[in-house]
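Order of the sequence lines fixes the chain letters, A, B, ..., with proteins taken first and strands second; residue numbering starts at 1 for each chain.
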There are 2 protein chains.
Amino acid sequence: MSETNDKPLSRYIRVLETVAHARTGVTLTDIARELELHPGTAHRLIRGLVALDLLHSPAGTKSYVAGARLQSLLHATMDRAGYAAFAKSVLDGLVAEFGETAHLARLSGDFAESVLMEQPSGSDRAFVQPGRQLPLHAAASGKAILAFQDEDFVARYLTRPREQFTERTKVGETAIRNEIDRIRADGMAVCDNELDSGVLSYGHPVRIGGGQVLYSVGITGLADRFRPIDRSRIKLRLSEAAADLGRRLGFTG
Amino acid sequence: MSETNDKPLSRYIRVLETVAHARTGVTLTDIARELELHPGTAHRLIRGLVALDLLHSPAGTKSYVAGARLQSLLHATMDRAGYAAFAKSVLDGLVAEFGETAHLARLSGDFAESVLMEQPSGSDRAFVQPGRQLPLHAAASGKAILAFQDEDFVARYLTRPREQFTERTKVGETAIRNEIDRIRADGMAVCDNELDSGVLSYGHPVRIGGGQVLYSVGITGLADRFRPIDRSRIKLRLSEAAADLGRRLGFTG
DNA sequence: AAAAGAGATTGCGTAAATCGCAAGTCTGAT
DNA sequence: ATCAGACTTGCGATTTACGCAATCTCTTTT
C-alpha cells in the first residue's frame, strides 16, 4: 500500500501544475523531485502529456513548458465579455477607417466564434454579433483560422460534413485545400458571398505567443458597397490590427 | 467508436474542453452526447474531475463548469509580461490618484506573485517588482487572496511554517484566523509594517467569473507618507479597480 | 395524483492502463 | 576515454478504467 492514494489523473494534473507554476521550463528531474516520483514514472507521465500537446518540449531542449492545448483551453474559458476591455479599441480603429463592421473571432471546437463586434454608428445589420458560430470553411474569419492550424486539425476537419450555405461556398476537400494554400500564401482570407448572400468579408489570423493562431480579426460589409475598397489597404490595416491584438492576447510567453 | 487516442487521460481532457467551450454550464448528458460516451462512463469521468476540483457543479444544479483548480492552473500558465496589455491602465489610474506604487498579484502555489507593478515617476524604491513572492500571511495583497480561499486551502496553509518578517508579522494560527475574518468583513487587507519595515500596504481581492479570487490589486507606500491618506477613499478606488480587473480577466466559472 | 419518460447514478466482470522498479542508453564534463 | 548524472525503455503485478445493464431520481404528461 502506497502512502498516497493518488489516482492517475491526479498525478497528471500535478505535473501540469508544476510546469505551469515554474516561470521557466522545467526538466524531467525537476518534476520528479518536486512530486517525489521515480524518474521512470515522471518520464511516462510527461510522455503522455506531451502526446496530447498539453506539455511541449521546445526544439531540442530537454525542458518542458505548457503546450498549445493548454493555451487553447485557457482562452476557451475566457468569457466573451472580457474581450471588450482590450480589443474594443483595435476594432474601433478599423471601423473608423473603413466604415464597416469589424469583429474578433476565436477558435472554439470546430467553429470560429465571434467574441466581439464593433459597427459604424447607425448600422442597420449585425453580420457577426458576438456568439455567432462561424464555419471554418465558409467564413473569412473562420478560414483565416483554419488555414493556420496544423495538418492533424485540418485533416480531421475535412473528414466531417460541411454545409453549403450559398452556391459559392467551397465544400469539396480539394477546393478547401487550395483555398488554405492561397490564404497561407496571401496572409489574408476572403469570403465573397460564401456564407451570407450579398456579404463580403475579410479575415486575418491573429498570432499569439508561440505563433499559435486561436483568433482572427475581420471586416465585413455589404458586397456592393465594400467591394470597391482597395484590398491591399485592407490587408495592411488588418495585419496591423492582428499584430496589436496578438500582443494583447498573448498571455503566455 | 474506433477513433484516435482513447487513453484515459485523453478522455478527461476532452471533457474539460467540452465544458470550457460551452458558454454556459453543460449537463452530463450534453457531455456524453458530444463525446459519444455512455452516460455511465461520462458520469465516472466527471466524478473524477469534480473530485479534483477541475470541474464544479454549482449548488444543487446538475450542470458543470470549470472548477477552481482548473482556472488556477490555466492562469498559472500566463506569463507575467502578458498582464501589462490589459492591466496597466488600471494600475496607472491608481498611481495617478494616490501617487504611490500599485501592483497586481496572482496566487501561485503558496505565495502571491506580483505580476505587474506601476510606480509614480521618479519613485526611488520598488516594493513589489514583478516576480516577487509575497507571503499569504504577511503581505496585504497576499492576505487579500488568502482570506477568500476555501477552508481546505486555509487549513492547509496554516499547517505549514510561516516566516516572521518583522515584530508585527502575524504568524500564529489564531491571529491569522482573526485577520482573515476581519478582511472578509471589511473587504480589504492592510499590511502595516508586517512584511517590509516602514512600509504600509493595502490589498483588495479581484473576483473573476464565478467569484473565485486568484488575484489581488494593491497599493504600497512608505508608511509615514502613506498613512494620512483617507482609508475609505483607498478602499473605494481599490474596489473599483478590482471590479475592472475582474471584468478584464473575466473568466467563466 | 399517477404514470411515463428522460436523465443521473451504481454495480459488476472484463480489459487495459498504470504502477514501481531495474536495467539500459544518452550526454556532457573532466 | 571515462565517469556521473540525466534520460529512456522493459517487465510482470497491481490498480484503474472500461462498457453495459440495472436501478434510482427526478421532471413532465395525462
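The residue among A/Gly40 and A/Tyr12 whose nearest nucleotide of DNA chain C lies closer to the 5′ end is A/Tyr12.
Aromatic ring centres of A/His75 and A/Tyr215: separated by under 6.0 Å.
At the phosphate of D/dC18, neither OP1 nor OP2 sits under 4.0 Å from any side-chain N or O atom of B/Thr41. Under 4.0 angstrom from either OP1 or OP2 of C/dG20 there lies at least one side-chain N or O belonging to A/Arg11. For B/Thr27 and C/dG7, the shortest distance from a side-chain N or O to OP1 or OP2 is not below 4.0 Å.
Nearest heavy atoms, A/Leu195 versus A/Pro135: CD1-CG, 3.8 Å. Nearest approach of B/Val206 to B/Ala242, heavy atoms of both residues: CG1-O, 3.7 Å. The two residues A/Ser216 and A/Ser141 have their closest heavy-atom pair at OG-O, 2.8 Å.
Using a 4.0 Å cutoff on non-hydrogen atoms, the parts of residues 43-52 of chain B near DNA chain C are B/His43, B/Arg47, ordered by number.
In this structure, B/Arg207 forms a cation-pi arrangement with B/Phe148, its terminal cationic atom sitting closer than 6.0 Å to the ring centre and no more than 45° off the ring axis.
In the set C/dT9, D/dG19, C/dG7, the nucleotide with an atom closest to the side chain of B/His38 is D/dG19. Here D/dT16 is the nucleotide among D/dG19, C/dT9, D/dT16 with the atom lying nearest to any side-chain atom of A/Pro8.
Taking atom CG of residue B/Leu9 and atom P of nucleotide C/dA17, one finds them 12 Å apart after rounding to whole Å.
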